[in-house]
Each structure stands twice: as structure tokens, then as C-alpha cells.
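In what follows, a single structure is set out as C-alpha cells and then discussed.
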2 protein chains.
Amino acid sequence: MVTLEDVARQAGVSLATASRVLNGSTRQVGAGLRARVERAADELGYRANIAAQTLARGSSNVIGIVVHDLTDPYFAALADGAMRAAATEGLLVMVGTTHRDPEQEIAYVATLNAQRVRAVLLAGSRVADQAVTGRLRDELARYRDSGGRAACVGQDLLGVDTVAPANREGAGELARALAGLGHTRFAVLAGPPHLMTAADRSAGFAAALRELGLPAPQVIHGPFDRDGGYAAARQVKDATCVFAVNDVMAVGALAAYRERGVRVPDDVSVAGFDDIVTLRDHVPALTTVRLPLADMGARALELALNEEEPVVVEHVAGEVVLRESVRRIA
Amino acid sequence: MVTLEDVARQAGVSLATASRVLNGSTRQVGAGLRARVERAADELGYRANIAAQTLARGSSNVIGIVVHDLTDPYFAALADGAMRAAATEGLLVMVGTTHRDPEQEIAYVATLNAQRVRAVLLAGSRVADQAVTGRLRDELARYRDSGGRAACVGQDLLGVDTVAPANREGAGELARALAGLGHTRFAVLAGPPHLMTAADRSAGFAAALRELGLPAPQVIHGPFDRDGGYAAARQVKDATCVFAVNDVMAVGALAAYRERGVRVPDDVSVAGFDDIVTLRDHVPALTTVRLPLADMGARALELALNEEEPVVVEHVAGEVVLRESVRRIA
DNA sequence: ACCTCCCTGGAAAGCGATTTCCCAGTCTGC
DNA sequence: GCAGACTGGGAAATCGCTTTCCAGGGAGGT
């Protein structure tokens, strides 16, 4: 393994000079020596040891992103946005997946802290469990105390900069739009009760119906994924419009209806939330609430990197997109 | 920032003892001291500095994965498989996305080398450009010379352990299956000519048709993504069956047909390649060649970590899955 | 009893960079 | 022509941890 010392010796200069040439510095180095060093580094195939640099400099150029599941397009979009932003800043990215285990999330933050990463991004919904959220908060606080920066996408519960999607409001607006089509009997495929994103969307939807003087929706809990939507859809009774709290659940519901010969939107209307790009060619096209996921990821990174003192919470509005999975009824 | 020295002082032991207690060692430490150290670490909130550990140990517990695009479900599945495998080994993951720029890929390998990561995984198709492949090879060789391990998923061109999907054979088998349904006039949405995965699939398909004594397909080149499939589908003339060299292109093609009122599979049959999970509820269900992507990712990591000397190339067969996007014709 | 041998604990030498000093030479202004 | 400011170069301290080496004490064998 070629070290800087090897390069310096080969070039006949000191370690200091070699370092200044190759790894940047405020100080100048004469053109002659500079060329010698560069040639030596090239000949030897020198690659700086980043661990050593990190140690010496006391800071790294790595950021960490923690998501639940990379194969979920929601997180993939978020992570992609953040990674593009990171790339423009010359930062490297460590990605951790928790597969929805909050303990893993805490463990990952600890590990990223140990890595002395420049910033940590937490994407993904919080759970209602106060104890576990508290421990995550503590771990994050410890990281920030030692100079780390952090941000999160989701609920503002961690005491860090947050990009908060307007889940309640978006779901409410969706409810009003659907009611505007004449629907009165609704069902909500509500996901797990302890998952805050799911709960907020469900609650926002129900609240809007209440304001409109419409009957409360049938609420069906279950997993937050495609199969959860599939299973929940089978329990719906007597609704003309079904709201799944995310798009992949909505797709599961559509699949369940298709199998049973229930036509969408003729027999029942279905809507989701997120506007996942991969689903843009789904048939029927899914009515949903669009969230600018990639932007949110990028924005979260910006917030994390930003030096400002007070903790910032930024709300991101969703936009209702009506497509063919819903129809007006008499 | 709390250092090991702080902990040692607080516990009243030497640096060496503290290190042995907290960060593992072959050596034993007496129960009394051990407890004191652990308590001190806990009170102070000590987190080992991994950069320092990496430097001192000369090896890290990080692996690198380089993919083209995380929002592409193909790469997400591959990366997810590799990340699960990494997690069971206690390894951390750095993910880099190149957005299909080969230069970025080379740069990322250099960076991962600088990080002294334990292993590097390259996922994603090679390009036909010899020069750029050569430079990537060189960079990889330099990394391996200094003790790094590497593996790749795709074409065996880099001189490293490889998990090679049987693109040619899979496409050939698909062609035979489709011919078995009575099709004789084919079109291939072939993707970019320089992308080897695309080229292999296209060639395998054409070769099988030739063997069967059928006319050569119409070959249409274009981008390797959904929009590429969409655009290419519009140029198809006079084929009863269209093979898109990956699933997302096939979805684009289906969208194009739907818009133009061409019914699938009644008017034209469509098939893809990969069997992307996210598309499992697509209508019509897509005929494709299934690749065990998550397993391939995990297997690639295994190969990379494995110490064996000779470079291993493992072929992975695809499985033809006939679904409703194709039909038998007279 | 005596001599190994094993075990535990500590001192100190790295790991590969960065960066602070210090030094000598060159410019500049007067 | 000279003091003072600048400049480019090198020696060495430093970052936080691991690990070798050494020392001392107790166990076990004869």
C-alpha cells in the first residue's frame, strides 16, 4: 500500500510538501516541486488514506442516510434526491436500511456517530412508542453534541432540522376532492396504528370528512405495504371510495379488487398517497397526493449541512392529483 | 468529543485495558476492571472513533456498492440483497450512484479505495467502450493489489469475481417460449447498442429465432428506461410480439400501446426481462424472465468477501415467466 | 520449596495523514 | 543598503486507537 511518505521519498521532498500538493492546503508549493510530487504520486499509484485524513482533520466528508427499505420506491426517491445533493457537495454517502426496526435505526445512528460522519439524515416515519423515540432522540443529541449535524424527513419529533410532509393537510385536501365527486361513504386503509405517517394521513382524512358533515369512514388497520393494502381491501364493506394511506397499499387494494372482479373506478374509487413515479403507468392510473420526494431528500441534506442554530422545521405541501382510479358518482 | 483516553482516565486504567474492554480483543480483562471501564464509557457516552480504528487496524468494516440508479428497482433489489448480506456480517455500506456515467464509476472506485473499504461491489452493465472499461479495470486492479476485494454483477470483463446473469440464454429461452405460442414476426426494443446487458439480451433473442428458422426481428435502439421503451414501441411495424430488453422498457411500451388503443395481448404481445417486483400488479401482467436479483446481490458480496484466489464467475439462469401480456396466436 | 508457564495490566510504538512551528531566502520600501 | 514582511520548505507534534512487548504475580508441576 502506497503511503504519502513513499511519494515524498520518491519525489525527494518532505511529507509536509507532499501533503500540501496532493491533498490541498492554504499554502502554496513551488511549481517544480509540485510537478515532482504529482509525478511520483502518479507513478506509484498513490491513493490518500481517508481514515488517516479523517483522523488528522477531525472531520470526514461522508454523510449517512438511514431509510427503512431501499426497495420501497418512496425511500429510494428520497435517498436519490439526497444523494444527488450530496454528490454536488463532494460528499460520500453511507446508506443504512433498518427494515422498519427502530432499534436498528438507533444502532445505525450510533455507528454513524462513530464514523464521525458530517451529517446524518433520518428518512422514514416515527413510531408512536415514546420510549424508543426518546432513545433515538438521545442518541441523536449525543451525536449533535459532539459536533454532528442531523436532519430528518417526517415528523418533527427528534429535535433536529426536519422536512415535514403535510400528511394531515394533504389527506384532508384529498378527502375534500373526493367528497366533491359525490362520495359520502368512505373506507380508509390506515396502515399500522403506531406509525405516525399512517396515523396522520388517516386522521387528516377523517377530520376533513367530519368538517364536511359526512359520516366517519370505516378504518381498517394493517401493514404499510402492498400486501397490507391487499388484505385490508378485502375487509372493506359498503364504501364507494377507498383511501389507502400510501400508494403501494393502494396498488395492493387495486389488485385485490381486480381479482374479485370489482371494477375500479366503476364499482369503487381508490386513492393513495405519495405519487410514486414507478407507478405512473399503473392501470387504472392512481389518484394520489403528490409529494416532491427527491426535493425533500435534497432539502433535508441542505438543512443538515446548514450551520444555522435554531432547529428548522419545513413543511412540504402535497398536491392532490386526480386520475382515473376515482370517478364522480351520482 | 469523548475519547478512549477520557474513559481510561475516568476508570483509572490504562489506554490498553480500556481498548481491550470496549473494542474487542483476543485478550481477557479482569471482571473488576472490565466493569469499571464499561461504567465509565457509559457515563461519558463514549463512541469509538472508527476512523482511528480503521487507521490503527489497517482495515475497515465498510463495503462499497456502486450502482447506476437507486430509483431503478433493478438496482434497488440488487443493492438490497447485498445490504442484507452485509448486515449479517456486521458490515456497513457505502452506496454510490453513477447515473450511468462510467467516469463516475471509476471515480467512485478510486474513492472507495481511498476509504480502504473491505470490498467493492459493482452492479450494473458494462459499456462496450474498451477504453473506459480498461480504465475501470486498472483502477480495480490497483485497489485489489493493495488488498481490496471486489466483485461485480454483470458481464465478466473486469477481472474480478462476477455474478453473471445468463442474459443471452434467458432471452433465447424467452424467444423459444414466444415462438411456441405461434409468433413469427418479432420486434426487439433493444436499448442502447453499447450497453452490454441490452446487447446480450437482444443478441440472444435474435440468435434463438435464427435457430428456429424464423425471420430476424425488427431491432429498435433507444434508451434503457421507461421512456426509451415508450418511444421505441411507436416505431414497431408489423410485429405480433415485442420483446423489450428490460421490464421498465416493457412498461413504457405497454403505456404507448394503451395510449394508441392497441390492445395487449389481443393485438400485440409484449415481454420484458428482469421480473421487477414493483411491477407485479401491473395490468396486463408482464411476461418476463425472472432474475433472482436480491440473491445475486447477496451472492456477489459473498464472492467478494471470500478469500479464494482464482477469480470466480458464477452464471445465474433466468426463468421464463409467461403472464397475460402475451397470448397464443393462430 | 523452586522453577516454569500462563495471565493480566501497562507503557509505548506505530497507523497515515494534517498542521503548527521554525528557518532561510527573497522582496519591498525607504 | 537594510529592516521588516513574505514566501516556500521541512521537522515534528498530533489525531484516537490497536497491539506488541515487557513486568509482575499466581498456579501448577516436580
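What you see is a predicted model, and the numbers here were worked out from it, not measured in a lab. Chain identifiers are assigned alphabetically (A, B, ...) following the order of the sequence lines, protein sequences preceding nucleic acid strands; residue numbering begins at 1 within each chain.
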Identify, residue by residue, the members of residues 27-38 of chain A with a heavy atom below 4.0 Å from DNA chain D, and return them in order of residue number, or none.
Arg27(A), Gln28(A), Val29(A), Gly30(A), Leu33(A)
Between the first and last five pairs of the helix from dA1(C)-dT30(D) to dC30(C)-dG1(D), the angle of the axes, rounded to 10 degrees
30°
By ring pair (Phe, Tyr, Trp, His ring centres under 6.0 Å) - contacts of Phe75(A) (at least two apart)
His68(A)
Quick one: which residue pairs count as a salt bridge (Lys or Arg N to Asp or Glu O under 4.0 Å) with a foot in residues 120-131 of chain A, not counting sequence neighbours?
Glu105(A)-Arg126(A)
Students should find this one: the first and last nucleotides of DNA chain D, 5' to 3', lying under 4.0 Å from a heavy atom of chain A. What are they?
dG8(D) to dG16(D)
Can you list everything that forms a side chain to side chain contact (heavy atoms under 4.5 Å, CB included) with Val311(A)? Sequence neighbours excluded, please.
Arg144(A), Asp161(A)
Which residues satisfy the salt bridge (charged side-chain N to carboxylate O under 4.0 Å, His left out) test with Arg39(A), sequence neighbours excluded?
Glu43(A)
Donor-acceptor check, side chain of Arg137(B) to backbone of Leu157(B), threshold 3.5 angstrom: yes or no?
yes
Who pairs with Asp80(A) by side chain to side chain contact (heavy atoms under 4.5 Å, CB included), at least two apart in sequence or on another chain?
Arg84(A), Asp69(B), Thr71(B), His99(B)
Would you check if the side chain of Tyr143(B) reaches a backbone N or O of Val117(B) as a donor-acceptor pair within less than 3.5 Å?
yes
Starting at the 5' end of DNA chain D, which residue's closest nucleotide do you reach first, Arg47(B) or Arg20(B)?
Arg47(B)
Quick one: does Thr98(A)'s side chain have a donor or acceptor within less than 3.5 Å of a partner on Arg100(A)'s backbone?
yes
Tell me which residues in residues 49-59 of chain B put a heavy atom below 4.0 Å from DNA chain C, sorted by number, or none.
Leu55(B), Ala56(B)
Using residues 85-95 of chain A as the side-chain source, report each donor-acceptor pair under 3.5 Å to any protein atom, sequence neighbours left out, with the distance given to one decimal.
unit_1	atom_1	unit_2	atom_2	d
Thr88(A)	OG1	Ala85(A)	O	2.7

Reading DNA chain C in the 5' to 3' direction, which nucleotide is the first one with an atom under 4.0 Å from a heavy atom of chain B, and which is the last?
dT8(C) to dG16(C)
Check: Asn23(A) and Gln53(A) side chains under 4.5 Å, non-hydrogen atoms:
yes
Using a heavy-atom cut-off of under 4.0 Å over every strand shown, decide if Ser19(B) touches base, sugar-phosphate, or nothing.
base
Testing the basics here: between Ser125(A) and Met196(A), what is the closest heavy-atom pair and its distance to 0.1 Å?
OG-N, 3.4 Å
Is the backbone of Ala164(A) close enough, under 3.5 Å, to the side chain of Thr162(A) for a donor and an acceptor to pair up by distance?
no
Check: Thr54(B)/Ser60(B) side-chain N/O donor and acceptor closer than 3.5 Å:
no
Side-chain donor or acceptor of Thr17(A) paired with backbone N/O of Val13(A) under 3.5 Å
no
Indicate the atoms forming the closest heavy-atom contact of Val127(B) with Pro102(B), along with that distance.
CG2-CG, 4.4 Å
Could you walk me through whether Arg135(B) and Asp138(B) pass the salt bridge (charged side-chain N to carboxylate O under 4.0 Å, His left out) check?
CA-CA 5 Å; Arg135(B) 290 208 280 104; Asp138(B) 293 347; over 6 Å; no
Are Val21(B) and Glu38(B) side-chain neighbours, meaning at least one heavy-atom pair lies under 4.5 Å?
yes
In residues 7-16 of chain B, what residues come within less than 4.0 Å of DNA chain C, judged by heavy atoms?
Val13(B), Ser14(B), Ala16(B)
